[in-house]
Amino acid sequence: MAFKFVPLLRAAALVSAVALIPATTAGLAAVDARSGPEFSKLMAVYERIKTSYVEPVDDDKLIKGAISGMLAALDPHSSYLDARDFENLRTQTDGSYGGLGLSVTMDDGAVKVIAPTKGSPADAAGVKAGDFITHINGKLIYGGTLDEAVDQMRGPPGTSISLTLFRTGRDEPIEVRITRQIIELKPVDFKVEGNVGVISVSSFSANVGSEVLDAFKQIKSKTNGRLTGLVLDLRGNPGGLLDQAVALSDLFLDHGVIVSQRGRYSRDNETYNAESMTPGDIAKGIPMVVLINEGSASASEIVAGALQDQHRAVLMGQRSFGKGSVQTLMPLTRDTALKLTTARYYTPSGRSVQEGGIDPDIAVPQISDPDLRKRAQRFYRESDLRGHLINEIKDDKDLERDKVQDPRFKMTPEELKTKGIDDFQLYYALQTLGRTAPQALASRKR
């Protein structure tokens with residue numbers, strides 16, 4: 001179960017972090033001279049707690065709380081990782097576990113669902129992005145920690161758990177009972193619809209680039225080399241490893257910039273390009289659609305932005321999450337570290353997706369979702385997180401534009417169901433590819 005929002009990690013982050021330690025140590029020496037009075041306040045609070053709190057308090061608890069408090073004051077994605085957090089991070093990128101298959105975060109004391117993993121027990125039970133989990137087995141969890149909630153949701157396969165959900169658009173709470181399963185992280189799936197291939201990527205864990213390449217080869221084999229279109233489905237993908245986002249983008253690009261990052265210091269600035277030594281565009285110009293929505297974040301936005309700016313694919317769906325920052329792991333001890341925001345990333349044209357996200361070329365709401373019209377007014381994105389980094393070039397009106405209902409899409413979920421359509425966005429992408437000449441779709445302007 002991917003418990004926390006999967007961060008955008010720099011490739012070989014641990015090596016990079018070690019290189020930063022000497023500069024950081026020198027910086028601390030300079031800060032110490034200027035900040036002595038402020039640090040004395042921290043020590044004064046520590047001493048008062050140790051001597052006057054109603055119960056004895058362990059030093060580890062106080063130090064962890066102080067560190068976590070400092071990082072929480074920065075932005076939503078900087079945090080302190082203890083041994084358990086390290087293990088969770090490893091599981092998110094390369095492992096399996098017994099659980100429900102949910103990506104969750106903490107929002108003002110409440111546990112909020114970022115996205116269920118496709119095909120997971122939570123997905124099958126109908127849990128949706130944006131749901132609030134208010135009770136676990138009938139016990140109120142509001143006001144607790146995310147780790148406490150996560151620990152309760154994990155458990156041995158075959159055991160069941162009851163969740164109470166609050167969903168915008170529903171007047172009454174929703175009760176679901178879910179049986180835990182072994183969640184094998186299978187980030188890449190594919191299918192063939194006619195002569196169109198559909199590749200779904202649910203997270204950017206290890207080896208995603210090679211798995212997408214393998215999926216494409218199997219699609220070509222199943223279509224006997226007569227592939228006429230390709231859909232890359234990144235909806236609900238919360239992100240993951242930067243190197244895998246670059247690797248996936250490189251599969252469909254011959255040359256050019258994929259993504260760049262800019263930090264506080266020049267050492268944090270990097271540009272990632274399509275490698276000329278690779279085979280180039282494996283799809284050889286086959287028309288391509290990338291599906292995104294409000295749950296497509298971080299590494300997903302890197303891929304979407306690269307393929308959009310390089311005019312390789314048309315983006316369909318809804319505006320993405322808007323997480324345009326890079327986190328670097330900086331070891332403190334053998335089993336603890338800081339996850340610190342060190343840079344912003346930019347698409348090939350120089351756009352920052354921070355806060356505003358990426359706009360699809362063709363906005364297509366998921367009208368097969370019966371709760372869409374009510375939930376659309378309260379979609380959960382980076383701009384809703386307390387303390388998020390501000391993108392100063394964005395206009396607030398831009399952040400609200402996708403809440404305006406599109407008059408072109410008026411069919412109800414019931415009407416779509418009678419036509420056998422349970423995923424309208426995918427259906428629209430397939431229909432578009434089916435009626436579009438190969439060169440027309442790739443060159444289509446927003």
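FYI, side chains are in, hydrogens and waters are out, and symmetry mates aren't considered; it's all heavy atoms of this structure. Index from 1, following the sequence. These numbers come from a predicted model, not from an experiment.
Across all their heavy atoms, R262 and G350 have their closest contact at NH2-CA, 4.3 Å. When all heavy atoms of L338 and L332 are compared, the pair lying nearest together is CD2-CD1, 3.9 Å.
When only modelled atom types and interatomic distance are considered, T333 and D335 share a side-chain donor-acceptor pair under 3.5 Å. Looking only at atom types and distance, the side chain of T342 has no donor-acceptor partner in the side chain of D268 under 3.5 Å away. Side-chain atoms of Q181 and T179 form no donor-acceptor pair, as typed in the model, at a separation below 3.5 Å. Side-chain polar atoms of T134 and T164 form no donor-acceptor pair below 3.5 angstrom.
Legend: residues meeting side chain to side chain donor-acceptor pair (under 3.5 Å) with D123, ordered by chain and number and at least two apart, are absent. Among residues two or more places apart in sequence or in another chain, the side chain to side chain donor-acceptor pair (under 3.5 Å) test is passed with Q244 by none.
Formation of a donor-acceptor pair under 3.5 Å by the N293 side chain with backbone atoms of G295 is found in this model. Formation of a donor-acceptor pair under 3.5 Å by the Y428 side chain with backbone atoms of Q366 is not found in this model. Checking side-chain atoms of E301 against main-chain N and O of K323 turns up a donor-acceptor pair under 3.5 Å.
Between F252 and F216, the ring-plane angle classifies as perpendicular under the 30° and 60° cut-offs.
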Show your working on side-chain hydrogen bond (donor to acceptor under 3.5 Å, both in side chains) between S78 and D75 and close with a plain yes or no. CA-CA 6 Å; S78 294; D75 71 275; 2.7 Å; yes
